[in-house]
Amino acid sequence: MDLIPAFELSIDKLPQDTRDSIRQINARHELDEYTCVALPLTRVSKEYLQIDFPQLTRSLMWKKPSLRDSLRVLKHERNVKGGSFMKIKSFFLKNLGLLEVLENPDNSVWIKENLWERYCDLRERLQRHCAEDHLPNAFFPGLNLMRRIEQPQVKRCIGVYLKKKRFCTRRPSRQW
């Protein structure tokens, strides 16, 4: 286990547009999370920090069992497929889930019985973002996470795989 120093900050220390975005998310989802964590970006630079919102993320994902489970299934698919698909880090997949929650805040959408539909939604969203070469960060929409994957053919390969494997067109016959 790696120990990384982190600093907890109020969102008041962030740029105005970011503060406004976090306040809108809190208001829409009836939350009260106004802190972030600053982590060093040791691989990039000794001078830069990465801002993360772990408490807000947990609160957004709370009581959404089909989100948690659909992310697990998608991670499993990624791990089994391997190859280029492994370039899609868990953070990217969690971000996909957060984008879905931000668009669909109603907890009834995320009940366990909707696992198949939520898994297919996440899969289709990932395919679309790979094809568009653009995956916005849920909290910093101007940040394109797909830029972290340098080779365009990797994103195309993943997008083609997800499009070709169209098993989401029909619901499975047995209960998930």
Side-chain angles (χ1 to χ4, degrees), residues 1-79 87-115 117-130 132-149:
M1 174 170 60
D2 293 334
L3 294 175
I4 301 171
F7 306 97
E8 185 173 279
L9 304 169
S10 166
I11 66 163
D12 294 332
K13 303 286 185 198
L14 300 176
Q16 185 65 46
D17 59 337
T18 304
R19 290 192 307 254
D20 292 344
S21 175
I22 298 304
R23 286 186 181 114
Q24 286 174 354
I25 291 169
N26 273 296
R28 182 166 187 217
H29 295 268
E30 299 176 1
L31 299 173
D32 193 27
E33 301 290 347
Y34 295 100
T35 60
C36 61
V37 176
L39 305 161
L41 285 171
T42 54
R43 291 187 183 141
V44 177
S45 169
K46 293 179 181 178
E47 298 175 14
Y48 294 115
L49 297 172
Q50 172 182 328
I51 302 298
D52 195 13
F53 299 90
Q55 290 305 115
L56 182 56
T57 299
R58 279 188 207 101
S59 295
L60 287 168
M61 297 175 103
W62 182 252
K63 295 186 179 180
K64 294 177 177 63
S66 64
L67 172 63
R68 183 190 62 236
D69 292 345
S70 60
L71 286 170
R72 285 181 179 157
V73 173
L74 193 54
K75 285 178 187 179
H76 178 74
E77 181 180 6
R78 176 202 61 190
N79 296 343
K87 296 283 186 183
I88 302 295
K89 303 297 181 198
S90 294
F91 174 73
F92 287 28
L93 299 178
K94 180 174 76 172
N95 193 75
L96 284 171
L98 287 171
L99 290 169
E100 284 288 325
V101 168
L102 292 175
E103 288 179 14
N104 301 297
D106 183 5
N107 281 345
S108 67
V109 170
W110 301 100
I111 60 174
K112 196 156 190 85
E113 292 76 18
N114 292 342
L115 171 60
E117 288 81 6
R118 299 299 72 84
Y119 165 69
C120 291
D121 290 345
L122 288 177
R123 213 172 174 280
E124 289 167 12
R125 181 181 277 269
L126 178 58
Q127 188 274 323
R128 188 173 63 250
H129 287 298
C130 285
E132 295 169 355
D133 193 20
H134 184 77
L135 173 59
N137 181 296
F139 302 119
F140 300 99
L143 183 64
N144 180 7
L145 297 177
M146 284 293 174
R147 291 183 62 203
R148 294 186 183 182
I149 303 174

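Note that the structure is a prediction, hence the values are computed from the model and not measured.
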Of all heavy-atom pairs between [X] and [Y], which one has the smallest distance, and what is that distance?
| X | Y | answer |
| --- | --- | --- |
| Glu117 | Glu113 | OE1-O, 4.0 Å |
| Leu145 | Phe92 | O-CZ, 3.3 Å |
| Pro141 | Pro136 | O-CB, 3.5 Å |
| Leu49 | Ala38 | CD1-CB, 3.9 Å |
| Ser66 | Val109 | OG-O, 4.0 Å |
| Val101 | Leu60 | CG1-O, 3.6 Å |

Item to complete: Before giving the answer on side chain to side chain contact (heavy atoms under 4.5 Å, CB included), spell out for Arg123 and Glu77 the whole-Å C-alpha distance, their side-chain angles and the decisive distance to 0.1 Å.
Response: CA-CA 10 Å; Arg123 213 172 174 280; Glu77 181 180 6; 2.7 Å; yes
Discussion item. Tell me whether the count of non-hydrogen atoms from other residues, nucleotides or ligands lying under 6.0 Å of CD in Glu103 goes above 12.
Written reply: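 Check passes, neighbour count above 12.
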Discussion item. Would you say that more than 12 heavy atoms from the other residues, nucleotides or ligands in this model lie under 6.0 Å from the CZ of Arg147, or not?
Written reply: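 No, the 6.0 Å shell around CZ holds no more than 12 heavy atoms from other groups.
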Worksheet item: Is the closest side-chain heavy-atom distance between Asn137 and Leu98 below 4.5 Å?
Response: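 Result no, sub-4.5 Å side-chain heavy-atom pair not found.
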Discussion item. Do Glu132 and Met146 have side chains that approach each other closer than 4.5 Å (heavy atoms only, starting at C-beta)?
Written reply: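 SC-SC contact between Glu132 and Met146 ruled out.
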Distance (rounded to the nearest 0.5 Å) between [X] [atom1] and [Y] [atom2]:
| X | Y | atom1 | atom2 | result |
| --- | --- | --- | --- | --- |
| Leu71 | Arg78 | CG | CZ | 10.5 Å |
| Leu99 | Phe139 | CG | CZ | 9.0 Å |
| Asp106 | His29 | CG | NE2 | 11.0 Å |
| Glu100 | Trp110 | CD | CH2 | 5.0 Å |
| Asn144 | His129 | CG | NE2 | 9.5 Å |
| Ser108 | Asn114 | OG | CG | 8.0 Å |

Got a donor-acceptor contact below 3.5 angstrom from the [X] side chain to the [Y] backbone?
| X | Y | result |
| --- | --- | --- |
| Ser70 | Leu115 | no |
| Asn95 | Phe91 | no |
| Thr57 | Phe53 | yes |

Worksheet item: After noting the C-alpha distance and the side-chain angles of Ile11 and Thr18, does the key distance pass the side chain to side chain contact (heavy atoms under 4.5 Å, CB included) rule?
Response: CA-CA 8 Å; Ile11 66 163; Thr18 304; over 6 Å; no
Discussion item. Run Ile88 and Leu74 through side chain to side chain contact (heavy atoms under 4.5 Å, CB included) and show every step you take.
Written reply: CA-CA 11 Å; Ile88 302 295; Leu74 193 54; over 6 Å; no
Discussion item. We want to know whether Asp20 and Gln16 form a side-chain donor-acceptor pair, criterion being a heavy-atom distance below 3.5 angstrom.
Written reply: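 Short answer, yes.
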Fill in: Name of the residue among Lys112, Arg118, Lys75 meeting salt bridge (Lys or Arg N to Asp or Glu O under 4.0 Å) with Asp69
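Testing Asp69 for a salt bridge (Lys or Arg N to Asp or Glu O under 4.0 Å) against Lys112, Arg118, Lys75 leaves exactly one candidate, Lys112.
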Item to complete: Please test Leu93 against Leu126 for side chain to side chain contact (heavy atoms under 4.5 Å, CB included), starting from the C-alpha separation and ending with a verdict.
Response: CA-CA 8 Å; Leu93 299 178; Leu126 178 58; 4.1 Å; yes
Discussion item. For a salt bridge (Lys or Arg N to Asp or Glu O under 4.0 Å) check, start with the C-alpha distance between Arg128 and Asp121, then their side-chain angles and the critical distance, and finish with the verdict.
Written reply: CA-CA 10 Å; Arg128 188 173 63 250; Asp121 290 345; over 6 Å; no
